[in-house]
Amino acid sequence: MSQDKKVIRGFALADTSVRGGQYVGNWRVFKPEVDYEKCTGCRLCLLYCPEGAIRADEENKPDIDMRFCKGCGVCANECPQKAIGMRREEEAKK
Amino acid sequence: MPEFDVMPGNKALAHGVRLARVEVIPVFPITPQTTIIEYLADFVANGELDAEYIHSEGEHSCMAMAVGASLVGARVFTATCSEGLAYMHEIVAQAPSFRTPLLLGVADRTLGWYWSLGPDYSDLMPELNLGWIVNFAETNQEILDMTLQLYKVAEDYRVLLPAMMSLDGFYLSYSQERVWMPDQEAVDKWLPPYKAPYPVDPTINDKFPTTTLAPPLHTTYRRIFEEVLQDARKVIEEVDRSYGKTFGRSYGGLVEEYKTEGAEALLVTMGSMTTAGRRAVDKLRSEGEKIGLVKLRFMRPFPDIEFRKMAGGVKAIGVVDRMMLHGTRGGGAFEDLKSGLYNSDVRVPIQGFVTGMGGEDIPIEDMYLMGKKTLQAAKRGRVEKEVEFVEHKFQAAVKPVEMEWGEPIFPGSDGCAGCGTSIIIRHLLKILGKDTIIINPPSCSGVNFGAVVRVPWILANFAAGAAYETGVYRALRKKGKADKVYVTSYSGDGGTVDIGLQSISGAAERGESMMWLCYDNEAYMNTGIQRSGSTPLFSATTSTPAGKVWPGKQVRRKNMLMIMAAHRIPYIATASLSYIPDLERKIRRAAEITRAGEGLAYLHVQQPCATGWYFPAEKTVEIGRLAVQTGAWPVVHIDHGDFKIDVKPKELRPIKEYLQPQARFRHLKDEQFEIIQKDVQYDWETLLELEKRGKFPGY
């Protein structure tokens with residue numbers, strides 16, 4: 001009986017060490033914009049971001065990774081301070 | 001109605017069923033079949049088809065309903081494919097001996113083999129030899145015409161056998177083509193209602209079909225059965241001729257020949273690939289090659305007699321198979337054709353091709369090459385290599401992002417923008433960590449997160465989530481790892497309250513010390529929003545549309561809290577993605593209890609779904625909160641029998657506040673809002689009483 005992995009053929013594997021998501025930022029129609037003056041660092045947006053695209057900076061304020069933000073607007077909707085605004089992607093670019 | 005319409009194959013089939021005035025339609029969703037039952041739901045909801053439409057809780061039941069209804073003498077239709085067909089298998093095997101002439105639409109899809117949604121005939125393979133008539137359609141028009149024809153064949157007293165029609169998933173099911181619609185009056189005249197010879201109805205009949213027969217009779221009945229099935233070819237030809245006379249379209253018998261006159265080589269095809277085969281034959285003919293095409297219209301009965309006649313005049317036959325019989329070297333049609341010719345006087349080289357697996361396209365160029373290879377065999381008088389696999393190079397369209405990431409789940413999933421279940425799974429994995437095994441019965445989360453989680457994610461079969469999980473858990477326990485690895489399901493509501501319920505109940509009763517997490521978006525979202533046992537009353541889904549006759553879903557949802565409590569498991573909780581600290585606390589508690597080996601911990605988390613409930617994506621968390629505050633989704637737990645309501649608003653907000661922002665409830669009238677409001681009030685008061693009692697009944 002061989003138990004040498006080299007003899008295995010046609011064995012499809014999912015490798016959890018290398019797999020990852022995709023850049024989904026291009027799904028976005030509306031882009032979140034954080035008003036850091038208004039933000040109190042409550043971290044609710046971090047809790048609710050479906051994509052996990054929001055990290056906290058040193059002041060617990062949101063740092064949104066736009067490569068992964070789909071622009072759903074949940075963060076803006078949930079922000080108790082109304083510190084996140086959603087603007088159309090084209091306008092936000094201006 | 002216009003003379004013709006442009007429609008996908010699934011709609012053509014649904015129209016065929018409508019025109020045949022089918023009386024009973026049990027359904028269960030599965031891609032790429034689902035839109036067949038959605039179109040039918042629309043017909044029934046709007047009074048265009050007067051049929052008993054049954055929302056089954058799984059394919060096994062679905063087929064049993066079909067056979068049961070056919071036994072009583074109703075004209076019956078159901079549809080499925082792939083895993084669904086495999087799950088029906090037991091009853092598919094039973095149907096022929098009951099002599100139930102029902103029609104099963106199979107929108108082909110790969111079975112089991114690395115889960116492709118695309119078609120190959122691996123799903124039909126296990127069903128071929130059970131005594132059914134098996135037909136393959138090439139075009140959407142043929143789908144509609146054969147729906148009517150197959151009823152007439154199957155219900156003929158010389159046959160009385162069930163029939164299945166294969167229509168290639170995606171290539172036919174979702175592709176638009178012109179379809180000419182026969183006139184209802186003409187159909188009624190041509191296809192009279194089914195009259196069962198021995199209906200199971202004690203008021204009119206004291207003889208009824210049986211499936212128990214003394215073993216010494218088995219061989220005899222097998223012989224008679226085979227004769228009936230073989231003789232069905234006469235009925236098939238007769239019905240096709242009669243259809244042609246009445247409606248102006250006919251297809252021939254078990255096979256259709258294309259440019260076979262004077263051919264030295266034949267290419268044998270089946271299903272939608274035939275059209276590409278025809279074009280390849282056109283090209284080869286224009287180059288002076290003597291080649292023709294034979295379309296296998298029926299796989300059962302197998303057209304061996306027809307092939308014996310044709311094969312005598314040719315020098316080689318090439319068979320293009322989308323069906324691999326592992327262990328035989330070749331494809332299904334190839335093997336059948338070989339054995340069909342073996343004891344005849346015909347000796348002709350047969351070249352097998354296996355291609356188009358997992359739904360890969362079989363383009364004209366490939367057909368052309370296969371035609372060329374067959375011609376070569378004709379010239380040489382033998383085949384070089386008995387079976388050729390026609391393969392293509394694979395290039396991933398999108399490469400996964402490679403990045404440093406410490407958490408057990410990456411960002412950048414395929415979930416919809418504003419996806420609620422994304423929120424749940426992130427918090428689940430945050431707490432359980434990377435030494436977790438997730439068992440995932442088919443659901444939208446499998447499609448969305450399978451590629452972004454960094455823990456083993458085992459795609460289970462739909463009805464067997466908790467059973468897979470049990471196996472994993474028991475092996476871990478045997479190896480002394482049960483306290484080092486968490487085992488949890490990540491299952492939708494279909495995999496929990498409907499098709500998965502039996503295996504969860506088993507695991508709960510046995511006291512398997514693992515977690516079951518159900519994210520409940522209150523419908524089958526993966527197949528496109530069909531109702532589940534967890535869909536609330538009056539909700540419009542694609543299988544319970546609000547129409548002239550239907551008010552949306554007509555029955556109330558199951559109460560899983562009560563069902564699980566009846567198993568007296570140590571921990572049961574409902575939660576909401578809008579109350580994260582509560583959700584996280586419950587995940588921790590569930591993990592603690594399973595690690596202590598106390599038994600099953602059951603978490604049921606409501607997940608508002610912007611796509612399926614029809615509200616703007618940014619409202620996901622808000623809707624979830626409203627569900628809790630209106631009492632539509634009470635957040636409670638039972639810990640070793642101690643019952644507690646975790647989020648208790650002083651006063652419930654009016655249910656309208658929760659329902660009105662969701663377009664799935666947009667058709668509701670005031671009296672329906674009132675019914676729901678009353679339900680909610682009643683349930684809430686029950687929960688308050690239970691909380692006062694402290695111990696949940698049964699514990």
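Per chain, numbering begins at 1; letters A, B, ... match sequence-line order.
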*Asks:* Who among A:Pro50, A:Gly73, A:Cys69 has the most heavy-atom pairs with chain B under 4.5 Å?
*Replies:*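 Maximum pair count with chain B is reached by A:Pro50.
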
*Asks:* Under a 4.5 Å heavy-atom cut-off, does chain A meet the side chain of B:Ile425, its backbone, both or neither?
*Replies:*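 Interface part for B:Ile425: neither.
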
*Asks:* Under a 4.5 Å heavy-atom cut-off, does chain A meet the side chain of B:Lys619, its backbone, both or neither?
*Replies:*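 For B:Lys619, backbone and side chain are both near chain A.
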
*Asks:* Provide the closest heavy-atom pair for B:Ile423 versus A:Leu47 in the form atom of the first, atom of the second, distance.
*Replies:*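 For B:Ile423 versus A:Leu47, the nearest heavy atoms are CG2-O, 3.9 Å.
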
*Asks:* Where does A:Arg67 contact chain B at under 4.5 Å (heavy atoms): side chain, backbone, both or neither?
*Replies:*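 Contact with chain B involves the side chain of A:Arg67 alone.
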
*Asks:* Under a 4.5 Å heavy-atom cutoff, which of B:Gly420, B:Ser578, B:Ala610, B:Pro616 has the most pairs with chain A?
*Replies:*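 That would be B:Ser578.
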
*Asks:* Tell me whether A:Lys70 contacts the main-chain N or O of B:Ser413 through its side chain, where contact means a donor paired with an acceptor under 3.5 Å.
*Replies:*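 Yes, the answer is positive, given that a donor and an acceptor are paired below the 3.5 Å cut-off.
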
*Asks:* Does B:Lys479 have more than 12 heavy atoms from other residues, nucleotides or ligands lying within 6.0 Å of its NZ?
*Replies:*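 Count not over threshold, so no.
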
*Asks:* Taking all heavy atoms of A:Cys72 and all of B:Ala417, pick out the closest pair and write down the distance.
*Replies:*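 For A:Cys72 and B:Ala417, the tightest heavy-atom pair comes out as CB-C, 3.6 Å.
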
*Asks:* Should the heavy atoms of other residues, nucleotides or ligands under 6.0 Å from NZ of B:Lys484 be counted, would the total exceed 12?
*Replies:*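 Count over threshold, so yes.
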
*Asks:* I'd like to know if the side chain of B:His427 reaches the main chain of A:Tyr48, judged simply by a donor and an acceptor atom lying under 3.5 Å from each other, with no hydrogens or angles considered.
*Replies:*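 No.
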
*Asks:* Strictly distance-based, threshold 3.5 Å: is any side-chain N or O of B:Glu618 a donor or acceptor partner for the main-chain N or O of A:Asn77?
*Replies:*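 No, B:Glu618 side chain to A:Asn77 backbone: no donor-acceptor pair under 3.5 Å.
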
*Asks:* What residue in B:Asp414, B:Ile409, B:Thr421 has the most heavy-atom pairs under 4.5 Å with chain A?
*Replies:*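 Heavy-atom pairs under 4.5 Å are most numerous for B:Asp414.
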
*Asks:* With a 4.5 angstrom heavy-atom cut-off, is it the side chain or the backbone of A:Glu78 that approaches chain B, or both, or neither?
*Replies:*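 Contact with chain B is through the side chain of A:Glu78 alone.
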
